[in-house]
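Below: the structure, in structure tokens.
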Amino acid sequence: MGRTEGADGADGRNEGDGVTGVDGALGRRAAAQPLLLGVRHHGPGSARAVRAALEAARPKVVLIEGPPEADALIPLAAEEGMRPPVALLAHAVDEPGRSAFWPLAEFSPEWVALRWALEHGVPTRFMDLPATHTLAWGRDDAGTDPDAEKAETSGDGRGSAGEGTAEHPAGAGSDGAGSDGAGSDGTGSPEADVRVDPLAVLAEAAGYDDPERWWEDVVEHRGPGQGDAFAPFAALEEAMGALRETYGSGGGGDRDLVREAHMRLQVRAAQREFGDGVAVVCGAWHVPALRRKAAVAADRALLKGLPKVKADMTWVPWTHRRLSRFSGYGAGIDAPGWYAHLFGVSDRPVERWLTKVAGLLREEDRIVSSAHVIEAVRLAETLAAMRGRPLPGLSETTDAVRAVMCDGSDVPLALVCDRLVVGDVLGEVPESAPAVPLQRDLARLQRRLRLKPEALERELELDLRKETDAGRSRLLHRLGLLGVGWGEPTDSRGSTGTFRETWRLRWEPELSVRVAEAGVWGTTVLSAATAKAEADAVGAQALADVTALAERCLLAELTDALPVVMRVLAERAALDADVGHLAQALPALVRSLRYGDVRGTDTGALAEVAAGLAERVFVGLPPACSALDADGAEEMRRHVDAVHTAVGLLGDTLTAGHADLRLRWHGVLRVLSGRDTVPGVIRGRAVRLLLDDGEVEQEQAARLMGLALSPGTPPPDAAAWIEGFVGGGGGMLLVHDERLLALVDAWLTGVPAAAFTDVLPLLRRTFSAYEPGVRRTLGELVRRGPGRGGGITGATAAGVPGFAADLDQERADAVLPVLRLLLGSDDVQDVDDVQDVQAAGTAAQGALGEELAGVAR
């Protein structure tokens, strides 16, 4: 490559065929010979060279590697609202999920050729194999390769000169019609069965271990030859010709033979129409095949009988991050942000790049001065000279940034690589671009709700009491039902109320495919989500799936779908006799009731179903908790916790006929706590829940614990009872009730040595869940001997602070300054003793409780 870049052109093996490139005298083209511009897809050096060659040649028509169905979309590239990176999206009309992308960045040679032709009024056409065949081929492959739907079909996957522009997210194998690794002559050696990366071979021949670094040196840092815009293409064409003579098809299979046959036919048709004014922009790997003489009949024979599907095409936004990925939808470009910088700046690219890096680090509060930038430029240039490179590349600038601006740390360097080297640039497509009706409705809702898609991940806090935020929540929930995962709900910070939601948003290019795929359910987001929810309810297998769907319908405010979901829910609940399934389904219904209240949704029917479901759980739970093994008992304990929480949240939402639901649940817990056939973990949990609700006094709880830890109880059963009673948040209970802690301590010290090894794992699992401060306090209490004075209600050991029989006046007085700050000086100016402080605190607590209750409502 380095030898031929400034040479006098291609040699004699490029003569005499009907589809040729540049002739022996660079820059002079014989009559009726099209100009073949072999490029590296998404290469800024190739893009600059293409623009220079088109300016020099002034062709009458430009042919570009891409699907011919997109010819009607070409004029949209000149509209003001079109901003790369963008991609051509083709999808099967009857199966929208089967799709393919042709991504184009600002520095893509195809995009540069497209814009040049539009600016100069030159006709432009795509000449690759039609998408109707590409998608049909992918459908055939999907039946034989289970991993095909995730495979990328573009050649070597690194944006090389042999890489194709089509990216197939679904239904295309790794040898799909979008690949660019195959040749057309079939004259290569047997080694050609292995796919070849042309740039890697050329880089190795030149003594480079990194194809990207070699490409930067010979193309990105050199530009066109002096006075001859066609010299780089002649050199690259000669190199590809030599590679194809050695490696033949390069392991691409027969599909590239078909693609190249179709390209030759398109070139011949353009020659007949425009004569010698034809320019072709394609992957450099294809140039020898397009140069090769082939009979028209032979090319047409290759295209005969190809499978077809009805396809539709449009423009969709793309991202730099997607261009940088090596699989799936990505184009395999390591550093799209760096490439965009090289293409966009006219001079001093290193200095300008390091200035951008310094600006980013300053935004992150790192101290970076102008002196840092100067030293980083000097270091990058020195490294390039030491490594024998014409200009500093990405590796040199990265090393300079790490050493000078990041103090040798890779942590800030990772930020630079993520924000600048790759970047979060999201392209834009004009509203006039073709789109399915669902996509248009989604775009309308995004504008109305001021919810703009962004490539950078961000968190969105919603207050459902505001109309706009409530609309955003409904939209995101509806899209989630349709499988368009634009937003992911996450835990809210600083609030547990049902009127707040937190979403993590990030728009990915493949969501355009999901929208097209969801278009089969309806023409608007509301109608599509409603139809999808009804279909999911009918096809749901488990009762919990239906209840979860009911919750999602309420969150998405799908009032038309809710009756269908509720009918299916009632039918499934009536037929399902598994208490575990019923207990698993109840919490989702209760959450739906809470969200329905804050969103103003009528949930009367849902409350009736929830009450009926709870009553069935009450009846079936005691028998279901008998004779369980350890795993079954732990699972049932989780169900008991979930049902207890659900019953507590039902509150005033139930009708008068179910007003005693909480009392009946307490009766069920009493039955579970006193039945010997129930596993200890469930009996202990039942006693704990009753104690928390005030249905069991502490003395009675201590008596029940004493019975459970009596010598007649096997140690594993006693440990399971303790796990159920004090598991989870039970640490504070032991801290403040030393009688219970004394019972546990006395029992544990009396466990025989033979049984201790069986008991220890259970206790360790129980106490390891406590907060470090709780564990430390319990250790101190055990060290001094818990319960020696009878716990908090009796006289404690002398000198133990915080556990005296009477109030500590001195310690109580110390609270007054803080209390004045909390309540205001006017509220406590007349408080002279501890009793008045307690009364004021009680009043403040009551007022706070009323306020929180109002917020929750």
Side-chain angles (χ1 to χ4, degrees), residues 577-591 610-630 632-654 657-710 713 717-734 737 739-740 743-744 762 766 769:
D578 192 319
V579 176
H581 292 169
L582 299 177
Q584 188 178 5
L586 183 60
L589 289 182
V590 175
R591 289 194 301 269
L613 203 62
E615 291 176 354
R616 294 189 60 199
V617 172
F618 297 167
V619 173
L621 192 59
C625 290
S626 300
L628 295 176
D629 59 8
E634 181 61 27
E635 181 180 1
M636 193 59 69
R637 182 195 64 79
R638 290 194 295 267
H639 289 326
V640 170
D641 286 343
V643 173
H644 181 77
T645 303
V647 172
L649 292 176
L650 282 176
D652 299 331
T653 59
L654 299 179
H658 303 286
D660 61 342
L661 197 63
R662 186 186 295 269
L663 298 177
R664 297 183 58 189
W665 171 242
H666 290 156
V668 174
L669 292 177
R670 288 191 180 90
V671 171
L672 293 177
S673 64
R675 185 170 292 183
D676 294 338
T677 57
V678 175
V681 66
I682 300 178
R683 286 188 285 117
R685 177 60 66 178
V687 173
R688 171 64 188 281
L689 295 177
L690 289 171
L691 178 64
D692 290 344
D693 283 357
E695 296 297 317
V696 171
E697 298 294 335
Q698 291 187 348
E699 291 78 4
Q700 186 179 359
R703 185 181 64 84
L704 292 174
M705 177 180 281
L707 292 175
L709 303 183
S710 62
T713 304
D717 293 345
W721 197 98
I722 294 176
E723 181 182 8
F725 184 78
V726 299
M732 294 303 297
L733 180 64
L734 295 180
D737 193 336
R739 292 172 303 170
L740 299 180
L743 289 172
V744 176
L762 293 175
T766 300

Can you find a heavy atom in the side chain of V643 that is under 4.5 Å from one in the side chain of L621?
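They are not in contact (no side-chain heavy atoms under 4.5 Å apart), so the answer is no.
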
With rounding to the nearest 0.5 Å, note down the distance linking [atom1] in [X] to [atom2] in [Y].
X: R685; Y: C625; atom1: CZ; atom2: SG; value: 13.0 Å
X: D693; Y: W665; atom1: CG; atom2: CH2; value: 10.5 Å
X: H644; Y: D692; atom1: NE2; atom2: CG; value: 6.5 Å
X: L669; Y: R688; atom1: CG; atom2: CZ; value: 13.0 Å
X: I682; Y: M636; atom1: CD1; atom2: CE; value: 6.5 Å

Does this structure show an ion pair linking E634 with R637, if we count only N-O contacts that are shorter than 4.0 Å?
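Salt bridge: yes.
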
Write down the atom of [X], the atom of [Y], and the distance for their closest heavy-atom approach.
X: R675; Y: P623; answer: NH1-N, 4.3 Å
X: P679; Y: L628; answer: CG-CB, 4.0 Å
X: R683; Y: L672; answer: CG-O, 3.1 Å

Check this for me: E697, atom CD, are more than 12 non-hydrogen atoms of other residues, nucleotides or ligands nearer than 6.0 Å?
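Counting neighbours around CD of E697, 12 or fewer heavy atoms of other residues, nucleotides or ligands fall under 6.0 Å, so no.
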
Determine whether more than 12 heavy atoms belonging to other residues, nucleotides or ligands lie under 6.0 Å from atom CG of D676.
no

